[in-house]
Each structure stands twice: as structure tokens, then as C-alpha cells.
Amino acid sequence: METDFQTVEQARLKILSLLKPITGTRTVAIREALDQVLAADLLSPINVPAHDNSAMDGYAFNSSNIQNSDITHLTMIGTAYAGKAFTGTCGNGECVRIMTGAVMPLNCDTVLVQENATVSGDQISFPPGAVKAGDNRRLAGEDLTIGKPALPAGKVLRPADLGLLASLGVAEISVRRKLRVAFFSTGDELRSLGQPLDEGCVYDSNRYTLYGMLTRLRFIELLDMGVVHDSPEALEHAMLQAMEQADVIITSGGVSVGEADYTKQVMEKLGSVNFWKIAMRPGRPMAFGQVHNSTNGDSAYLFGLPGNPVAVMVTFYAFVRDALFKLANANALPIPMVSAKLAQNVRKRPGRTEYQRARLTMGKGLLLAHLSGAQGSGILRSMSESDCLLVLEHDQGDLKAGDTVLALPFEGLI
């Protein structure tokens, strides 16, 4: 490996160390808060549950009535429903029929599940060992205690969190403003959908894969700037325009050493630049930096991704995704990885991290990984036909069928 190459982990950590999260908040109704970033710790305004209540349908009583060596006999004196409490006091030798969620009657600390009771008229009985003191009782504040943190700042709010907010009576919540991301593709050979495909030209696919990946992060506001031609003037104009509206600019193409690749020189003119060759496949060339408009003070972070379609997707998940979480003040949700056994031999050169497209199947209780076709970084079809990326680690060499590898499932990502 060349000495000026960055490892994947080195590049990732350097990028994260240089980022300063955005500021600014907005207040939204909880139905608009899904996948948004919580702006501040939410302290519970109430106890949840508000009262001791029953976890089961059954019979509530005081545990001092339980006979340890003989059958316990109790007399039912009423019924407690969820939302309609029993208002009397349960005395010695008495019990109350109780439904799940109902407030525990006065002087009751235990619930016998109904399946364990023998019932005759208003009398119930149960043998020793059928119930222990405190069984099936949910304590007030057991889920959340008033004044204690219910949700932490930076949490990306999920469906369960919306339910939690509703259970606390919270109708509106303060979330971070959306992170604004502008993106465009570069290259004179690129055509947008609907344009004629001249000889030597290709349709731009990278903007659509980027759109799909970015849209999955719903705390982002997107600005699609189309295709920018290969000239320093066009690139500078596009970057200045993007800076006016966006916190982050993502480009694809123009980061190699080709004669018409101007991203580096434009970035160096407009700001600071880290231009790396990364020990990975696909996705070796990548640029990262911050660009500025000295006239009006606008600035934005810029990620210059490779032009090959698969390399765009790999570098996005290797570097850009976590960076966007940090910039949005969001606690990054880890990308789930699973272990799988290789179904075939795989060639791998030590000294670089490789991402190979594969499909997972289940065989004899184990996940098996099958490579899905040609692995060239320009072959987007094999990415579409795959359901995961195999992450072959930096120091690994050739692997054999049956070896264990890590797989990055696409579900929820791509």
C-alpha cells in the first residue's frame, strides 16, 4: 500500500474531528417529529404509570393474606377496571376482581392471575406457591419518574418515541432545524433524464442514488442542483450558489487526477481541502473540506465523492452518513452488521478495506453470503441485485468458502 493512503478508519475519524454541528431549533407537533433530532433533554412531566396498577387480569389483595402451607380463601368485594377504579378498601380475607391497567385498590399489593384462581360465587381460592407478594403489580413511576430524563438530546425520534411523548401528554416538541444538504454531479458526459443521450454520454445515476440515501435521513432538507459541467468556472459558481442555501455540499465525480477534474483546485481556491487517496475498494479517491465565500461569509462542508456509481454508495456509508448525523446534532444510529459464512472463495488484497456486493441466504441455521456478479465499481446492477455489502477488513487476505465475514445489510439503508 502506498504510504500516502489513508485507511478507512483514519479518514472517518479525521472527518468527524473537523465537524462543527449546526445550531437552531424549531417546535413541531409530535406527528411531525418522526425521525427529527430532539433539541434538548426531555424531562418527564408526570409519573408513568401515574398509579400502582395491575399488569394482568386477576384478583388484587394484600399479600399478608397468602397462606404458605395451606389453600388461601378470599372473598370478592368488587371490581376494578382500567379507567374506573375500585373506591373501597380491601380488608383482611378480601380481594377485588381487577383488569389489566386498573389502579390497585387501597391496601392491595399483589395480583393473582385469573388462570390460577378457583372461583365459586364470590369466593376464590388458590394453592400455596400460586403467587408471591408483589406479583403482577406495576408501580407508579416504574416506567418514567417525574422530573427524570425521558428522552436525551440528540435522539432521532422513532415511532416508539412518539408514543412515549404522547404518554407524557407532550403535544409539541423542540427539535433541531433540518440540516441543509446540496448535491450535484459533475461531468460533461452526464445527461439528465429526459435529455437525448449523445454518443459517449451516459445518464446521471449518482444524483438518484444520493437522493435515495439522503432521503432516508429525514432530518435533512435536500437541494438537488443537477449536473455541473467540467469547468472551474461552472464548479465555482455551483459551489457558491450551494453555500448560500446549504450546510453541506456533496458532489460526485471530479475527484481523481484526470485533466478535467477540477474539484480539487476549486476547493483550494474557495477554502481548505483534504484530498485523500483511501485504502479501500471501491472508492479510493475522495475529497473533504470546507469552502467559503469571502464576499458574504457563506460556508459549507464539502464531500467530493468518486464518480463511479457503486463507489458513491460505498463512500457515503463509510464516511458521509456518520458525518451528517454529527452535523445535525444527532446521536448516530449504528449501521447494523451481521456475521455470515462465505459460500465461495473470495480474492482479497491485504492493505485495503474492500466492500463486495452479496446476497444473504439461510442455510442450516447460518447466514451464507454469495457474491452477486461482477464487482466493478461502475456496475450498479450488481448493487441493485444485492442485499448487503461484505466488509472485508484492511489486513485480510484471500478468504475461503466457510470463512466468517461481516455483512452490512441494505434493508433500512439503501
Side-chain angles (χ1 to χ4, degrees), residues 1-2 4-12 14-15 181 183-190 202-214 216 227-228 230 235 248-258 260-264 267 273-289 302-324 335 346-349 351-358 371-394 406-408 410 413-414:
M1 186 184 75
E2 297 180 36
D4 61 344
F5 274 55
Q6 303 280 328
T7 68
V8 169
E9 187 63 9
Q10 285 171 339
R12 190 183 73 83
K14 282 186 178 180
I15 289 170
V181 178
F183 62 105
F184 58 82
S185 299
T186 64
D188 288 338
E189 77 282 7
L190 299 179
V202 296
Y203 286 119
D204 173 26
S205 64
N206 287 342
R207 276 175 34 244
Y208 294 89
T209 52
L210 279 170
Y211 170 82
M213 293 184 292
L214 290 166
R216 290 286 179 106
V227 175
V228 177
D230 277 329
L235 280 170
V248 180
I249 304 168
I250 301 175
T251 70
S252 65
V255 293
S256 67
V257 294
D261 293 339
Y262 300 112
T263 303
K264 181 179 181 181
M267 287 179 72
V273 59
N274 295 281
F275 205 86
W276 295 318
K277 289 182 289 184
I278 301 174
M280 65 187 296
R281 180 175 181 266
R284 183 176 71 169
M286 194 187 80
F288 167 75
L302 191 145
F303 293 87
L305 306 185
N308 285 322
V310 178
V312 166
M313 302 180 86
V314 169
T315 51
F316 180 90
Y317 286 115
F319 307 111
V320 181
R321 180 183 181 271
D322 281 356
L324 296 178
I335 296 177
V346 175
R347 297 184 63 184
K348 161 71 168 64
R349 192 175 78 187
R352 68 185 184 192
T353 303
E354 292 191 13
Y355 300 83
Q356 301 213 12
R357 285 142 274 168
L371 294 187
S372 53
Q375 298 291 311
S377 60
I379 303 175
L380 192 56
R381 177 181 175 181
S382 61
M383 187 68 113
S384 179
E385 292 175 348
S386 302
D387 59 16
C388 72
L389 284 172
L390 303 184
V391 183
L392 308 182
E393 297 177 0
H394 186 85
L406 287 174
L408 167 62
F410 289 160
L413 294 175
I414 296 177

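Counting from 1, the numbers follow the sequence of the chain as shown.
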Item to check | Interatomic spacing from CZ in R281 to NZ in K348 - rounded to 0.5 Å | outcome: 10.5 Å

Checklist outcome for this item: Interatomic distance, CD@E189 vs CG@D230, rounded to 0.5 Å, equals 6.5 Å

Next on the checklist: Among residues at least two apart in sequence or on other chains, which ones pass salt bridge (charged side-chain N to carboxylate O under 4.0 Å, His left out) with E393?
Outcome noted: none

Checklist outcome for this item: So CG of L392 and CZ of R349: to nearest 0.5 Å the spacing works out to 13.5 Å

Checklist entry - Is the side chain of S252 donor-acceptor paired with the backbone N or O of G304 at a distance under 3.5 Å, no angle test? => result no

Checklist entry - side chain to side chain contact (heavy atoms under 4.5 Å, CB included) between M286 and I15: does it pass, once the steps are laid out? => result CA-CA 12 Å; M286 194 187 80; I15 289 170; 3.6 Å; yes

Checklist entry - Does T353 have any side-chain contact (heavy atoms from CB on, under 4.5 Å) partners at least two apart in sequence or in another chain, and if so, which? => result V8, Y355, V391, H394

Checklist entry - Got a second to check how far S386's OG is from L408's CG, nearest 0.5 Å? => result 11.5 Å

Checklist outcome for this item: Residues passing the side-chain contact (heavy atoms from CB on, under 4.5 Å) test with R347, sequence neighbours excluded, are D398

Checklist outcome for this item: d(R207 CZ, F184 CZ) to nearest 0.5 Å is 11.5 Å

Checklist entry - Going through the distances and angles, do N206 and L190 end up as a side chain to side chain contact (heavy atoms under 4.5 Å, CB included)? => result CA-CA 10 Å; N206 287 342; L190 299 179; over 6 Å; no

Next on the checklist: Apply side chain to side chain contact (heavy atoms under 4.5 Å, CB included) to residues L305 and F183 and explain how you reach the verdict.
Outcome noted: CA-CA 11 Å; L305 306 185; F183 62 105; over 6 Å; no

Checklist entry - Just wondering, are more than 12 heavy atoms of other shown residues or ligands nearer than 6.0 Å to OH in Y203? => result yes

Checklist entry - Distance only, no hydrogens: is a donor on one side chain within 3.5 Å (strictly under) of an acceptor on the other, for D204 and S185? => result yes

Checklist entry - Which residues pass the side-chain contact (heavy atoms from CB on, under 4.5 Å) test with A11, sequence neighbours left out? => result Q6, W276, I278, F319

Checklist entry - Partners of S384 by side-chain contact (heavy atoms from CB on, under 4.5 Å), sequence neighbours excluded? => result none

Item to check | Smallest separation among heavy atoms of L390 and A358, with atom names | outcome: CG-CB, 3.7 Å

Item to check | Residues L214, V320; criterion side chain to side chain contact (heavy atoms under 4.5 Å, CB included); working and verdict | outcome: CA-CA 10 Å; L214 290 166; V320 181; 5.6 Å; no

Next on the checklist: Quick check for you: to the nearest 0.5 Å, what is the distance between T7 atom OG1 and R352 atom CZ?
Outcome noted: 14.5 Å

Next on the checklist: Contact between R357 and L371 at the side-chain level, heavy atoms closer than 4.5 Å - yes or no?
Outcome noted: no

Item to check | Partners passing ring-ring contact (aromatic ring centres under 6.0 Å, His included) against F288 (at least two apart in sequence or in another chain) | outcome: F303

Checklist entry - Within a strict 4.5 Å, meaning less than it, do heavy atoms of the P306 and T315 side chains meet? => result yes

Item to check | Side chains of L302 and M267 in contact at under 4.5 Å (non-hydrogen atoms) | outcome: yes

Item to check | Heavy-atom pair with the smallest gap, counting every atom of P282 and V314 | outcome: O-CG1, 3.8 Å

